[in-house]
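One structure is given here, and the rest of the page talks about it.
Computed over heavy atoms, backbone and side chain alike; hydrogens, waters and symmetry mates excluded. Order of the sequence lines sets the chain letters (A, B, ...), proteins ahead of strands, with each chain counted from 1. What you are looking at is a predicted structure, and each value in this text was computed from that prediction instead of being measured.
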Amino acid sequence: MPELPEVETVRRGLAQSIIGKSFSSIDVRRRDLRVSVPGNLAAAIKGCRVEDIVRRGKYIVIFPEGAPAIILHLGMSGRVDILKGNSSGSKYKAQKHDHVIFTMNDKTKVVFSDPRRFGMLYLVSADGWENKKPFSAMGPEPLEPGFDGAVLEENLRGKKCNIKSALLDQNVVAGVGNIYACEALFVSGIHPERQAASVKGREAGLLADAIRSVLKKAIAAGGSSLKDYRKTDGSLGYFQHSFSVYDKESRKCAGCTCKDKCVQRIVQAGRSTFFCPVKQKKKAS
DNA sequence: CAAAGCTCCTGACCGC
DNA sequence: TGCGGTCAGGAGCTTT
């Protein structure tokens with residue numbers, strides 16, 4: 001379940017390994033992902049030098065010089081493996097779910113694999129990319145300076161759905177998914193069933209701070225590896241060991257002083273929510 | 001416009 | 001051991 005911290009970890013791995021290098025070949029083994037991999041991918045980027053790689057929400061955007069931007073989304077089970085040219089790259093043999101393999105001019109291989117094929121890899125013209133499809137309406141980056149309680153409150157205004165579901169809306173805040181929505185609500189002491197628009201003022205500030213701190217800690221840990229997620233060198237993230245409530249049904253919450261087995265699981269908008277009913281209050285404080 | 005429901009997909013897991 | 005059923009979940013689409 002790659003969310004912002006996992007995507008950021010992958011972005012950093014990519015940036016370190018391929019910025020300044022150019023694409024020498026692109027092998028598309030399977031096109032039918034969530035969005036079809038464009039037929040002109042190889043023709044569009046071959047020979048182009050990678051200038052920059054940025055992240056917006058859960059998307060990675062790669063900028064090859066003089067070419068369209070490559071939009072990459074890891075979906076549910078997507079993974080990027082980087083094989084250094086001098087060693088592992090030459091021994092690489094494509095696995096079942098390796099869909100797109102980029103080979104750089106120094107033989108480094110970038111392998112995009114995704115068993116469930118919820119991921120996406122497509123091209124958008126680099127000029128004005130931020131104003132196009134998924135990005136134009138996307139909410140603020142929670143780790144950028146402009147994000148605070150006032151901004152969050154504004155984006156929650158008028159929302160009648162519960163706060164947990166609202167946090168999953170990428171137009172409210174970018175990059176937060178199921179795990180970190182649960183974790184941030186716990187840290188801020190807000191009950192997941194609270195009406196979204198009722199979270200304002202001091203509480204909106206607490207929630208914004210909680211989102212930032214949880215995401216920062218997760219990035220520092222290299223993300224959370226539950227099933228499929230790996231860093232670009234194949235190693236595991238380890239933030240899953242630091243979850244306060246996520247996937248802890250009928251167990252103790254972080255720093256628990258409640259009766260034991262306090263963590264409850266409910267389903268909201270078809271997604272699991274984990275929370276502590278003792279520490280997360282239904283009434284605004 | 002908002003929000004809920006549905007869909008895509010496959011590996012993992014459970015119970016018999 | 002093997003098989004069928006269920007689940008997970010990001011985002012886009014459809015329905016209400």
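Counting only heavy atoms from C-beta outward, the side chains of Y122(A) and V37(A) never approach each other to under 4.5 Å. The side-chain heavy atoms of Q268(A) and C161(A), taken from C-beta on, include no pair separated by under 4.5 Å. Under the 4.5 Å side-chain criterion, counting only non-hydrogen atoms from C-beta, D81(A) is not in contact with D98(A).
Here the side chain of K159(A) is nearest to one of dA11(C), dG9(C), dA3(B), namely dA3(B). Taking only side-chain atoms of F118(A), from C-beta outward, the nucleotide of dA3(B), dA11(C), dC9(B) with the closest atom is dC9(B). Closest contact between the side chain of E3(A) and the listed nucleotides dG12(C), dA8(C), dG10(C) involves dG10(C).
Among the heavy atoms of the strands lying under 4.0 Å from R117(A) are primed sugar atoms or P, OP1, OP2 only; no base atom is included. Using a 4.0 Å heavy-atom distance criterion, S272(A) is classed as a sugar-phosphate-only contact. Using a 4.0 Å heavy-atom cutoff across all strands shown, R265(A) reaches sugar-phosphate atoms only and no base atom.
In this structure, L74(A) atom CG and dC8(B) atom C1' are separated by 17 Å, rounded to whole Å. Residue L167(A) contributes atom CG, which lies 16 Å from atom C1' of dA11(C) at whole-angstrom precision. For D98(A) and dT10(B), the CG to P distance is 15 Å, given to the nearest whole Å. Straight-line distance from the NZ atom of K164(A) to the P atom of dA3(B): 15 Å, rounded to whole Å. The distance between atom CD1 of I163(A) and atom P of dA3(B), rounded to the nearest whole Å, is 11 Å. The nearest whole Å value for the distance from the CG atom in N162(A) to the P atom in dA4(B) is 7 Å. Atom pair Y229(A):OH and dA12(B):P shows a separation of 19 Å (rounding to whole Å applied). Between the CG atom of L168(A) and the C1' atom of dG12(C) there is a distance of 15 Å, rounded to whole Å.
Both G270(A) and D32(A) lie near DNA chain B, and the one whose nearest nucleotide falls closer to the 5' end is G270(A).
Phosphate contact (OP1/OP2 of dG11(B), side-chain N/O of H97(A), threshold under 4.0 Å): present. Note on K96(A): a side-chain N or O is less than 4.0 Å away from OP1 or OP2 of dG11(B). Considering only side-chain N and O atoms, Q170(A) lies under 4.0 angstrom from the phosphate OP1 or OP2 of dA11(C). Residue H73(A) places at least one side-chain N or O under 4.0 Å from the OP1 or OP2 atom of dA11(C).
At a cut-off of 3.5 angstrom, the base of dA8(C) holds at least one donor-acceptor pair with the side chain of R116(A).
Q240(A) and G223(A) make their closest contact through OE1-O, 4.0 Å (heavy atoms, listed as atom of the first residue, atom of the second, distance).
Ring centers of Y180(A) and Y246(A): at least 6.0 Å apart, outside the cut-off.
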